[in-house]
There are 2 protein chains.
Amino acid sequence: MVLKGAEELAVPAEAARQARSDARTRQLLEAAARLMERSGSHGVSMQAVADEAGVSVGLIYRYFANKQELVQGVILGVLDDMARLIPAAVAPEADPVRRMVAAFSAYCRVVDDNREAVLLTYRESHTLDEEGRRLIKDLEVRTAQPLTDAIQEALDRGLLMPVDTRILSYDLLLIAHSWSLKHWYFAPRMTFEEFVASQSALMLATAVHPDHRDTYADLLGAPA
Amino acid sequence: MVLKGAEELAVPAEAARQARSDARTRQLLEAAARLMERSGSHGVSMQAVADEAGVSVGLIYRYFANKQELVQGVILGVLDDMARLIPAAVAPEADPVRRMVAAFSAYCRVVDDNREAVLLTYRESHTLDEEGRRLIKDLEVRTAQPLTDAIQEALDRGLLMPVDTRILSYDLLLIAHSWSLKHWYFAPRMTFEEFVASQSALMLATAVHPDHRDTYADLLGAPA
DNA sequence: CACGAATGAACGAGCATTCATTCTTGCTGA
DNA sequence: TCAGCAAGAATGAATGCTCGTTCATTCGTG
């Protein structure tokens with residue numbers, strides 16, 4: 001949620017107004033997100049958003065200049081959530097390779113919890129303007145940061161084969177997204193846990209240096 | 001292009017009409033595809049499609065019952081093209097591992113030639129009905145078939161580590177798509193050739209059995 | 001000439017956006 | 001303490017525009 005911070009907490013009345021305004025903004029964005037994840041931004045009218053939020057149409061325009069701004073708020077909100085959730089979900093593993101796996105499965109879990117939201121970002125990003133798209137890219141790269149960091153550290157310690165960090169980390173990000181993008185393909189063939197385990201095993205089989213394979217035998221388990 | 005076959009070639013007049021009708025259908029689908037790849041189906045009006053094709057709005061309704069049917073035609077056309085192009089592009093390599101690489105890079109090349117069309121299928125698939133979505137899934141799985149076959153054969157001959165064919169082939173399909181989906185990320189960081197080479201090397205590093213690595217040293221070249 | 005192909009103005013539904021009006025809230029001065 | 005009064009919050013009917021779809025009419029061809 002990208003909300004203006006209350007700049008002057010010195011004035012309590014002002015702060016209270018700011019808080020109520022933020023709450024309304026959140027309420028509207030949540031209602032819009034709920035609907036748009038189902039039907040896409042074009043399938044949802046401002047009236048429908050108002051109804052879902054239990055307010056009148058006119059009120060939306062007090063908080064968003066127009067529909068495009070509302071849509072942008074929804075998408076950036078979704079991505080912002082992920083940019084917060086994913087770093088937070090990364091287990092504080094000491095070993096870099098184990099942290100890679102932890103970061104990847106955390107990413108998958110967040111994707112699984114927000115499958116429709118992930119789809120929404122792929123479907124609707126192009127409706128945003130230049131500035132909006134720049135923000136999206138920044139946020140997405142940021143969600144991959146924990147993964148990138150873990151890979152880089154594992155590389156530095158000689159635990160991995162020489163791989164291109166930029167490629168491996170983005171491939172993993174994309175594979176995590178694929179649990180949402182290609183749910184119709186994966187879900188009938190395996191459970192979520194099997195998906196994460198198999199993909200992790202595949203990644204480690206790729207990347208871990210042969211000298212250190214034994215250390216991670218527990219993670220490399222035979223693919224389902 | 002999914003066109004009704006001329007059922008009765010015995011009647012030449014009928015065949016001629018059929019041919020002209022097919023040409024119109026193609027003309028309209030191409031015009032619609034050109035516009036929708038830029039602006040998505042909701043951003044394109046029937047009037048705009050008619051203008052682009054150089055015909056009147058009314059005529060479209062002679063060939064498509066409504067807009068949704070036109071959109072479906074465009075998306076299925078794009079996927080159908082790929083389902084034809086990709087198997088055709090697979091080099092007739094004898095060695096299964098080299099065929100894997102050939103299939104993957106062929107897939108990437110087709111994606112590169114149709115970047116906007118690939119984006120369109122991701123953005124617009126959800127607007128189709130149940131039947132349309134079933135067709136899409138069939139076509140997409142079919143595009144992965146050459147890849148799947150090559151992997152399976154390599155596995156059978158003991159050239160690969162034990163991997164899950166279903167997962168590896170779909171990961172590769174997705175990674176090829178990612179040249180379109182995440183073009184903004186990859187393109188500033190590497191050329192198309194570097195992308196294909198790095199991803200191929202990554203795949204082979206994963207999958208090729210250590211006993212046979214030397215055979216494919218030329219493909220495993222250090223990642224860019 | 002007859003029949004299918006093609007036209008494009010007209011229609012109506014749906015939608016984003018506006019704004020005159022009403023309601024709430026919290027402050028002020030008696 | 002509280003009546004009353006701004007000012008901001010909220011309402012929702014009205015507006016105007018876009019767009020999908022229709023169909024009476026015209027065109028071209030075999």
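Chain identifiers are assigned alphabetically (A, B, ...) following the order of the sequence lines, protein sequences preceding nucleic acid strands; residue numbering begins at 1 within each chain. All values below come from the heavy atoms of this structure, side chains included, with hydrogens, waters and symmetry mates left out.
Under the side-chain hydrogen bond (donor to acceptor under 3.5 Å, both in side chains) criterion, B:Asp113 pairs with no residue at all, not counting sequence neighbours. For A:Ser45, the side-chain contact (heavy atoms from CB on, under 4.5 Å) test picks out A:Gln47, A:Ala48, with sequence neighbours left out. Legend: residues meeting side-chain hydrogen bond (donor to acceptor under 3.5 Å, both in side chains) with A:Gln27, ordered by chain and number and at least two apart, are A:Arg24. Residues meeting the side-chain hydrogen bond (donor to acceptor under 3.5 Å, both in side chains) test with B:Ser125, sequence neighbours left out: none. In this structure, the side-chain hydrogen bond (donor to acceptor under 3.5 Å, both in side chains) partners of A:Glu140, at least two apart in sequence or on a different chain, are A:Tyr170, B:Lys182.
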With a cut-off of 3.5 Å and sequence neighbours excluded, list every side-chain donor-acceptor pair involving residues 145-155 of chain B.
from, atom 1, to, atom 2, distance (Å)
B:Gln145, NE2, B:Asp149, OD1, 3.0
B:Thr148, OG1, B:Ala144, O, 2.8
B:Gln152, OE1, B:Thr165, OG1, 3.0
B:Gln152, NE2, B:Asp156, OD1, 3.4
B:Glu153, OE1, B:Arg99, NH2, 2.5
B:Glu153, OE2, B:Arg157, NH2, 2.6

Donor-acceptor list for residues 57-71 of chain A side chains, cut-off 3.5 Å, not counting sequence neighbours:
from, atom 1, to, atom 2, distance (Å)
A:Asn66, OD1, A:Gln68, N, 3.4
A:Asn66, OD1, A:Glu69, N, 3.0
A:Lys67, NZ, A:Ser41, O, 3.0
A:Lys67, NZ, A:Val44, O, 2.7
A:Glu69, OE1, A:Ala65, N, 3.0

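Residues in residues 119-149 of chain A take part in these ring pair (Phe, Tyr, Trp, His ring centres under 6.0 Å) pairs, two or more places apart or across chains: A:Tyr122-A:His177.
For the segment residues 48-59 of chain B, residues with any heavy atom less than 4.0 angstrom from an atom of DNA chain C are, sorted by number, B:Val55, B:Ser56, B:Gly58, B:Leu59.
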Bracket notation of DNA chain D in which parentheses pair within the strand, [ ] cross earlier pairs, and | pairs with another strand (Watson-Crick or G-U, under 3.5 Å): ||||||||||||||||||||||||||||||

Give each protein N/O atom lying under 3.5 Å from an N/O atom of nucleotides 14-16 of chain C, with the pair distance.
from, atom 1, to, atom 2, distance (Å)
C:dA16, OP1, A:Lys67, NZ, 2.5
C:dA16, OP2, A:Met46, N, 2.8

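Using a 4.0 Å heavy-atom cutoff across all strands shown, A:Tyr63 reaches sugar-phosphate atoms only and no base atom.
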If the sugar-phosphate is the primed atoms plus P, OP1 and OP2 and the base is the rest, what is the B/S/- string for nucleotides 24-30 of chain D, using protein heavy atoms under 4.0 Å? -------

